[in-house]
*Asks:* 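Pasting a structure below so you can have a look.
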There are 2 protein chains.
Amino acid sequence: MPHPSAEARPPLNRDQVLVAAIALADKDGIGSLTMRKLGEELGVEAMSLYNHVANKIDLLDGMIDRVFGEIDLPGDEPDWQTAMRRRAVSARETMSHHPWAIGLMESRSTPGPVTLRHHDAVIGTLRKAGFSIAMATHAFSVLDSYIYGFAMQEASLSFRSAEDSAIATQMIMARFPADQYPHLTEMAVEHILKPGYDHSNEFLFGLNLILTGLEKTRHTL
Amino acid sequence: MPHPSAEARPPLNRDQVLVAAIALADKDGIGSLTMRKLGEELGVEAMSLYNHVANKIDLLDGMIDRVFGEIDLPGDEPDWQTAMRRRAVSARETMSHHPWAIGLMESRSTPGPVTLRHHDAVIGTLRKAGFSIAMATHAFSVLDSYIYGFAMQEASLSFRSAEDSAIATQMIMARFPADQYPHLTEMAVEHILKPGYDHSNEFLFGLNLILTGLEKTRHTL
DNA sequence: ACCTGAACACCGTTCAAGT
DNA sequence: ACCTGAACACCGTTCAAGT
């Protein structure tokens, strides 16, 4: 009897492995997600995991597809901008819960079914709003680039500023010696580091700018 | 005499290490960049590298800062949009040469001097064009999110489509079974996979949309 | 000052063996 | 059908030792 509940516990399945892997990556970062640690988390040796995932790439593919499932699909809102805004806000929220996923979501070479369904729903909303195929492609490209790019910047910012913003300020200022970077310093000191500033407001500014711009091209081409 | 040119060759320096590391990552991907392989490339044992970089994180920081140096700074163009467009196009071009760098450029916790100078120049151009500090922050955020997000998508696309687009088509279509993803299929078959389509055109569409949107807010706030 | 050999504590993955 | 132990070919990094 290796450990108490060894034969009491039913066998693992793929979904349990994926859920545990996501939880581990959320907690300790993707760098700490190793087959050995994941096995330990599940009360199993690392080698057992290969009964449920083909290899680590397959594990990551499965994790990403599961994360995509957390993003709201654009719904049946009458206004296409409202639908796109809700989906974009949800995507950003999801990625803020799983920052390790951001770089991976768009770079999997084999997107899963949930991912494909998500993209299909976004394109469908655009087409129903009257965008031509060419314009829908443009819209899809600019929206997704913006959403993922913003999430990437936000993840690195929250990583940079760590827990204490006062300490972060000290550290940042120490790296801006003697007005070598006057505009960056001005922006930091006079705006970003001021109490009222909230970086998350930047997201809606850019999103609305893009949606407004797209509305104007909706019936062209 | 370990190898022929051992005492003929002058000692390594940090820049040679960074240049070789970038070349290796360009050639084989970031996953193949190991201290041992990098040492081999330089005719040296892996342990010698620690005389020139503190550790692998420091190596990556140095590589990224050097890549930032390849991006054109926004110049003294009279039109701020022209300056921003040139810088954005250059950034995208640079990242297409160094796809491994994309996920890392915005996520380094200690940006180097070249990186800071780049950001300072971008903000300076916006401020000189009349953007308030708050509006320049908005503009900086939306532009950078878009540029990095687009580069990320482009890198994964070129990775996905591998060398032969016909094979890629087969593979993609095999994953769209029985009209489960009608809009995605339509976009692929009727537009993206057609001979005339060039994904790189998407970049300027989104960039111009954002620049036009920003121009309208240039004198607000 | 720069480089090396040996060692340590890790990785992902295979495979034969167990139940 | 699922899990394990032992093994293989790797990692980054430290450290004492060489020149």
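Just so it is clear, the values below take in all heavy atoms, side chains as well, and ignore hydrogens, waters and symmetry mates. This structure is a prediction, so every number in the text was calculated from the model and none was measured. Below, chain A is the first sequence line, B the second, and so on; all start at residue 1.
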*Asks:* Measure from the side-chain heavy atoms of Met47(A) and tell me the nearest of dT14(C), dC2(C), dG5(C).
*Replies:*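 For Met47(A), the side-chain atoms sit closest to dT14(C).
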*Asks:* Once you round it to whole Å, what is the distance between C1' of dT4(C) and CD of Glu45(B)?
*Replies:*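 Rounding to the nearest Å, CD of Glu45(B) and C1' of dT4(C) are 6 Å apart.
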*Asks:* What is the separation between atom CE on Met35(B) and atom P on dC11(C), rounded to the nearest whole Å?
*Replies:*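 Between P of dC11(C) and CE of Met35(B): 19 Å.
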*Asks:* Taking the side chain of Val44(B) as heavy atoms from C-beta outward, which of dC3(D), dT4(C), dG12(D) is closest to it?
*Replies:*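 Among dC3(D), dT4(C), dG12(D), the one nearest the side chain of Val44(B) is dT4(C).
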*Asks:* Going by heavy atoms in the side chains, are Leu12(B) and Asn51(B) under 4.5 Å from each other?
*Replies:*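 No, side chains not in contact.
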*Asks:* Taking atom C1' of dC11(D) as reference, at what distance in whole Å does atom CG of Leu38(B) sit?
*Replies:*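 From Leu38(B) CG to dC11(D) C1': 14 Å.
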*Asks:* Between Ala46(A) and Arg36(A), which is nearer to the 5' end of DNA chain D once each is assigned its nearest nucleotide?
*Replies:*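 Looking at the nearest nucleotide for each, Ala46(A) comes out on the 5' side.
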*Asks:* Taking any strand in view, what nucleotide pairs with dT19(D) in a Watson-Crick or G-U wobble way, both distances under 3.5 Å?
*Replies:*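 Partner of dT19(D): dA1(C).
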*Asks:* When you get a sec, tell me which of dG12(D), dC3(D), dT4(D) is the closest nucleotide to the side chain of Thr34(B)?
*Replies:*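 Selected nucleotide (nearest to the side chain): dG12(D).
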*Asks:* Which ones in residues 49-58 of chain B lie close to DNA chain D, meaning a heavy atom under 4.0 Å from one of its atoms?
*Replies:*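 Within residues 49-58 of chain B, the residues near DNA chain D are Tyr50(B), Asn55(B), Lys56(B).
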*Asks:* What is the distance, rounded to the nearest whole Å, between atom CG of Leu60(A) and atom C1' of dG12(C)?
*Replies:*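 In whole Å, dG12(C) C1' lies 12 Å from Leu60(A) CG.
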*Asks:* Rounded to the Å, how far apart are Asp28(B) CG and dC10(D) P?
*Replies:*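 After rounding, the reported distance stands at 15 Å.
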*Asks:* Is it true that a side-chain atom of Asp65(B) and a backbone atom of Val114(B) form a donor plus acceptor pair closer than 3.5 Å?
*Replies:*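 The answer is yes, because a donor-acceptor pair under 3.5 Å joins these two groups.
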*Asks:* If you take all heavy atoms of Ile102(B) and Tyr148(B), which pair is closest and at what distance?
*Replies:*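 Closest approach of Ile102(B) to Tyr148(B), heavy atoms only: CG2-O, 3.9 Å.
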*Asks:* Check whether any side-chain nitrogen or oxygen of Ser48(A) sits under 4.0 Å from OP1 or OP2 of dC2(D), and answer yes or no.
*Replies:*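 So the side chain of Ser48(A) is outside the cut-off, no N or O lying under 4.0 Å from OP1 or OP2 of dC2(D).
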*Asks:* Rounding to a whole Å, what distance do you find between Leu33(A):CG and dC11(C):P?
*Replies:*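 Rounded to the whole Å, the gap is 11 Å.
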*Asks:* What about the rings of Phe68(A) and His119(A), do their centers lie closer together than 6.0 Å?
*Replies:*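 Yes, the ring of Phe68(A) comes within the 6.0 Å limit of the ring of His119(A), centre to centre.
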*Asks:* Whether the side chain of Asp58(A) engages the backbone of Val53(A) through a donor-acceptor N/O pair (distance < 3.5 Å, no angle test) should be reported.
*Replies:*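 No.
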*Asks:* For Glu202(B) and Ser141(A), which heavy atoms make the closest approach, and how far apart are they?
*Replies:*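 Looks like CB-OG, 3.6 Å.
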*Asks:* Could you identify the nucleotide paired to dC8(C), looking across every strand shown and requiring Watson-Crick or G-U wobble geometry with both distances under 3.5 Å?
*Replies:*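 Pair assignment: dC8(C) / dG12(D).
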*Asks:* Could you state the CG-P distance from Leu24(A) to dC11(C), rounded to the nearest angstrom?
*Replies:*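 Rounded to whole Å, this separation is 11 Å.
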*Asks:* Is the closest side-chain heavy-atom distance between Ser48(B) and Glu45(B) below 4.5 Å?
*Replies:*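 Yes, at least one pair of side-chain atoms sits under 4.5 Å.
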